[in-house]
Enquirer: 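Sharing a structure, written as structure tokens. Questions coming.
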Amino acid sequence: MKNYIRKFTGFVVLAFVAVTSLFAKEYVIGGEKGWGNLNVTDNLTTAKGRYGYESLEVAPSGFKGDAWTDLIVNFENPYNPVDFGNYSVVQNSLSSVADTALGKTCGLSRNQGGITLRGNDYTLFGSEGLTGSFSIEFWLNPSLVENGETIFQWHSSRNVDNRILFQQIGATFNSGKLEWSLSNIFDLFYEGTSDLKLKGTSTIIPKTWSCHVISFDSETGILEYLVNGLVEDIKYITSTGHEDGNISHPILGVAAEFDLVPDYTGKIDDFRIMRRPYAAEKYQSAEMAGSLDHMKYIPTGGHFETKPIRISKGCTLNSVTAEMSVPGETAIELYVRSGENFYNWTDSYPEWKIIESGEELSGITGLYFQIAGNLFPDGNGSTTPNLTQITLDYTELPEPLPPFSINAVAGDKCVTISWNASVDETTGGYYLYYGNRSGEYLGRVALEGNSPVNVGNTTSFTLTGLNNGTIYYFAVASWSKYDKSVTGNLSKEVFARPRSKK
């Protein structure tokens, strides 16, 4: 299972339906009840599966939020394209379409105003002051690449020595390339208007996806623009314009909204703002497809794991059948483990056993069972399997019937209890229960042991060491010849009071 089983230590609540017959029973995981109680999953999402039920499938690929992430707009949800970050959508004229760079859907702009976002407190564009390092990253697939088409636009102002300085950050097509402009952003440029430009050198090809990044590193003063992971332009934002000068830091003024593709025709996907500089080793698109073969689904696949399922004592798992769709090159792996209790279970103990859907199983017994699974997309990351339902078929040992009649005869510090043998052929022996209160068999004084006493396959037994003059109540239950831990109901209750022979 590679590293999947070692990674997951939590357990989840299981949705199930019980269907009973004489000995064979089943639990259904998922299906009509859905997967809503799963709280330990990795790289999985839900979609509509067979029969219209909710199914598990590999999550869309794309940027993932972390402690450095300020905003992610991934366009997977047409009603709220913001996937991560404390930003709100002011207006959105984009449509959701397929043929994406990452994930299942992207945004389509028809040059009708794009999308406007407002950052709340403590976001990059929702607060004033020093920003530190930052990077802005997104995917583009333009229809025409016309001069003047605007991809990103932010306007604000700040007060410097009682003078209002206009600020702006923008990205616009010029001569088939993307060009960034920054005005009055950095703190060394207080006198007059200071404009910086970062110009792309790669021609943007229409109807082709490309990844764009602008990044500033506050420790080095490097401001750079990259396309598909390669540096297109770079500047040292220092007092000398070189790496040996004093670093100038970005200061943003009044919090203001920004516009994404306000004047643009084409697609945009997975827009991200980070509070750190761009790092090549974190260039997810390159990791996923170095040749820019964009993947809809996370190529490493996803994992799920249920909590231990308590079924019954002496239970044997016969098969695990999955209702699933597994297109070519995709795969679903299923695993199971079992035991009498789960309190000492670890990531690797009991051992996980890989199983095939519907195969006849042997040797998997216990009181608790646990199911895990891995889902893998195809090699291109374009197709995912989905899992709608898992059915556990098991055999449950029947609880043997109790004796139909029971009798108790008192003696000196003892009571002899006798009963008719159970008519149940699965009976292997009997437990004798005793105590001082009716229905409460908590006795501890008999020399033969605490209640209940395993008396073996007999129909008469004498408890000794009892207190004369004290009333005792008794009942008998049968245990299974296949498993002593499987017991049936109690017989009727009888009582007796030991007494001295004097």
Enquirer: How would you list, by chain and number, every residue that makes a side-chain hydrogen bond (donor to acceptor under 3.5 Å, both in side chains) with D217, sequence neighbours excluded?
Expert: none
Enquirer: Who are the salt bridge (Lys or Arg N to Asp or Glu O under 4.0 Å) partners of D233, not counting sequence neighbours?
Expert: K235
Enquirer: V89 versus N80: any side-chain heavy-atom pair under 4.5 Å?
Expert: yes
Enquirer: For S55, what residues pass the side-chain hydrogen bond (donor to acceptor under 3.5 Å, both in side chains) criterion, not counting sequence neighbours?
Expert: none
Enquirer: Does atom CD of E425 have more than 12 heavy-atom neighbours from other groups under 6.0 Å away?
Expert: no
Enquirer: E323: which residues meet the salt bridge (Lys or Arg N to Asp or Glu O under 4.0 Å) condition with it, sequence neighbours left out?
Expert: R50
Enquirer: When rounded to the nearest 0.5 angstrom, what is the spacing between CD in E137 and SG in C211?
Expert: 4.5 Å
Enquirer: Within a 6.0 Å radius of atom CD on E359, are there more than 12 heavy atoms belonging to other residues, nucleotides or ligands?
Expert: yes
Enquirer: Using the rule given for side-chain hydrogen bond (donor to acceptor under 3.5 Å, both in side chains), can you reason through N318 versus D393, listing the C-alpha separation, both sets of side-chain angles and the distance that settles it, and then say yes or no?
Expert: CA-CA 6 Å; N318 300 318; D393 179 83; 3.2 Å; yes
Enquirer: Once side chain to side chain contact (heavy atoms under 4.5 Å, CB included) is applied, do any residues pair with P403, and if so which ones, sequence neighbours excluded?
Expert: W419, Y430, V476, S478, S491
Enquirer: I'd like to check the ring-ring contact (aromatic ring centres under 6.0 Å, His included) partners of Y368; sequence neighbours left out, ordered by chain and number.
Expert: F342
Enquirer: Give the minimum heavy-atom separation between A477 and L490, together with the two atoms involved.
Expert: CB-CD2, 3.8 Å
Enquirer: Name the atoms and distances for all side-chain donor-acceptor pairs under 3.5 Å in residues 109-116, with sequence neighbours left out.
Expert:
unit_1	atom_1	unit_2	atom_2	d
S109	OG	N111	N	3.4
S109	OG	Y264	O	2.6
R110	NH1	S95	OG	2.9
N111	OD1	Y264	N	3.4
N111	ND2	D263	OD1	3.3
T116	OG1	Q91	NE2	3.2
T116	OG1	D259	OD1	2.7

Enquirer: Could you work out, with side-chain hydrogen bond (donor to acceptor under 3.5 Å, both in side chains) as the rule, every residue matching E54, not counting sequence neighbours?
Expert: none
Enquirer: Report the residue from L178, I151, L226, I136 that forms a side-chain contact (heavy atoms from CB on, under 4.5 Å) with H212.
Expert: L178
Enquirer: Starting from the C-alpha separation in whole Å, work towards a yes-or-no answer on side-chain hydrogen bond (donor to acceptor under 3.5 Å, both in side chains) for D66 and T69.
Expert: CA-CA 5 Å; D66 59 23; T69 306; 2.9 Å; yes
Enquirer: For the side-chain contact (heavy atoms from CB on, under 4.5 Å) test, which of L260, I169, L124 pairs with W154?
Expert: I169
Enquirer: Tell me every residue that passes salt bridge (Lys or Arg N to Asp or Glu O under 4.0 Å) with E57, counting only those two or more places apart in sequence or in another chain.
Expert: K104
Enquirer: What closest approach, in Å, do W352 and R337 show between heavy atoms, and which atom pair accounts for it?
Expert: CZ2-NE, 3.3 Å
Enquirer: Give the minimum heavy-atom separation between I204 and P142, together with the two atoms involved.
Expert: CG2-CG, 3.7 Å
Enquirer: Using salt bridge (Lys or Arg N to Asp or Glu O under 4.0 Å) as the criterion, list what pairs up with E179, not counting sequence neighbours.
Expert: K197
Enquirer: Is there a donor-acceptor pair under 3.5 Å between the side chain of D269 and the backbone N or O of T100?
Expert: no
Enquirer: Once side-chain hydrogen bond (donor to acceptor under 3.5 Å, both in side chains) is applied, do any residues pair with S218, and if so which ones, sequence neighbours excluded?
Expert: S133
Enquirer: Could you check whether E333 and Y335, counting side-chain N and O atoms only, form a donor-acceptor pair closer than 3.5 Å?
Expert: yes
Enquirer: What heavy-atom pair brings V455 and L432 nearest, and what distance separates the two atoms?
Expert: CG1-CB, 3.9 Å
Enquirer: Which pair of heavy atoms, one from L387 and one from M324, lies closest together, and at what distance?
Expert: CD1-CB, 4.0 Å
Enquirer: Return the orientation label for the F152 and F125 ring planes: parallel under 30°, perpendicular over 60°, tilted otherwise.
Expert: tilted
Enquirer: Quick one: does E305's side chain have a donor or acceptor within less than 3.5 Å of a partner on A372's backbone?
Expert: no
Enquirer: Where is the tightest heavy-atom contact between P327 and P385, given as atom of each residue plus distance?
Expert: CD-CA, 4.0 Å
Enquirer: I'd like to know whether CD1 of I205 has more than 12 heavy-atom contacts from other residues, nucleotides or ligands below 6.0 angstrom.
Expert: no
Enquirer: Under the side-chain hydrogen bond (donor to acceptor under 3.5 Å, both in side chains) criterion, do D42 and H303 qualify, and how do the steps go?
Expert: CA-CA 5 Å; D42 181 56; H303 174 82; over 6 Å; no
Enquirer: Does D424 use its side chain to pair, donor to acceptor, with the backbone of L401 at less than 3.5 Å?
Expert: yes
Enquirer: Would you check, one step at a time, whether the test side-chain hydrogen bond (donor to acceptor under 3.5 Å, both in side chains) holds for D378 with Y297?
Expert: CA-CA 9 Å; D378 64 346; Y297 301 98; over 6 Å; no
Enquirer: List the residues meeting ring-ring contact (aromatic ring centres under 6.0 Å, His included) with F216, not counting sequence neighbours, and say none if there are none.
Expert: F186
